[in-house]
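Just so we're clear, the structure is a prediction, and the values are computed from it rather than from any experiment.
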Amino acid sequence: MIGGFCRGAFTFFVRGRAAIASLGALDEAERPRRLDEARHAAKALNKQALVWTAPLAAIVSACVANAAGNPVRAEQSLRRAIDLAKAADMAIHAAAAQLQLGGLIGGDDGGVMAAEAADTMRSRGVRAPERYAGMLVPGPWSATRPP
């Protein structure tokens with residue numbers, strides 16, 4: 001640990017999110033390898049076992065589950081990320097995960113959830129909450145259930 005920061009934690013977070021964000025540009029044969037890269041990043045973040053790395057691991061895990069077509073697991077991981085981020089005083093990360101969860105849930109409940117998250121982000125200086133959430137919690141987060 002260097003000055004309170006674990007070596008590589010931010011790198012794993014960036015690599016995991018970048019792997020997910022790049023999936024749309026890949027052909028089907030390349031996607032499994034990229035998903036494995038994101039899974040590896042989530043596992044590495046989990047191994048750090050720090051209050052502030054746990055929400056990052058949960059975010060990457062949610063992105064992997066979403067990209068792999070497992071909305072139930074994605075929702076569980078997003079809810080975990082929100083709880084862990086709040087406990088770690090990482091309000092922007094919690095709000096970004098909540099905004100994406102609102103998109104995943106859809107309907108009126110999802111819309112309210114996403115709007116509250118966007119308001120939280122704006123109150124903390126984020127000008128474009130949806131874009132910022134897309135950077136922190138990448139992937140297409142659309143409703144998988146009827147409203």
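Heavy atoms only, all atoms of each residue included: Gln98 and Met113 are closest at NE2-O, 3.0 Å. When all heavy atoms are compared, the tightest approach of Phe12 to Ala41 is O-CB, 3.2 Å. Here the closest heavy-atom approach between residue Ile59 and residue Leu136 is recorded as CG2-O, 3.4 Å. Between Leu99 and Ala133, the shortest heavy-atom distance links the atoms CD2-CB, 4.1 Å. Between Leu35 and Ala67, the closest heavy-atom pair is CD2-CB, 3.7 Å.
Applying the side chain to side chain donor-acceptor pair (under 3.5 Å) test to every pair with at least one member in residues 82-95, sequence neighbours left out, gives no pairs at all. Sorted by first and then second residue, the pairs that involve residues 36-55 and meet salt bridge (charged side-chain N to carboxylate O under 4.0 Å, His left out), not counting sequence neighbours, are Arg33-Glu37, Arg34-Glu37, Asp36-Arg39.
Figure legend: Arg17 and Phe13 shown as a cation-pi pair, the cationic atom lying under 6.0 angstrom from the six-membered ring centre and within 45 degrees of its axis.
In Arg122, the CZ atom is crowded: over 12 heavy atoms of neighbouring residues, nucleotides or ligands sit closer than 6.0 Å. Residue Arg15 places its CZ atom among 12 or fewer non-hydrogen atoms of other residues, nucleotides or ligands, all under 6.0 Å distant.
With hydrogens and angles disregarded, a donor-acceptor distance shorter than 3.5 Å links the side chain of Thr53 to the backbone of Leu50. Using modelled atom types, no side-chain atom of Ser61 and backbone atom of Ala58 make a donor-acceptor pair closer than 3.5 Å. Under the 3.5 Å distance criterion, the side-chain polar atoms of Asn46 are left unmatched by any main-chain donor or acceptor of Ala49.
Under a hydrophobic clustering in which Ile, Leu, Val, Met, Phe, Trp and Tyr are joined whenever their side-chain heavy atoms come within less than 4.5 Å, directly or via other members, Val14 and Ile92 fall into different clusters. No continuous path of ILVMFWY side-chain contacts below 4.5 Å connects Leu45 to Leu84, so the two sit in separate hydrophobic clusters.
For the pairing with Glu75, the side-chain contact (heavy atoms from CB on, under 4.5 Å) check across Asn70, Asn66, Leu101 returns one residue only, Leu101.
Contact annotation: the side chain of Ser123 never approaches that of Asp119 to less than 4.5 Å [non-hydrogen atoms, C-beta and beyond].
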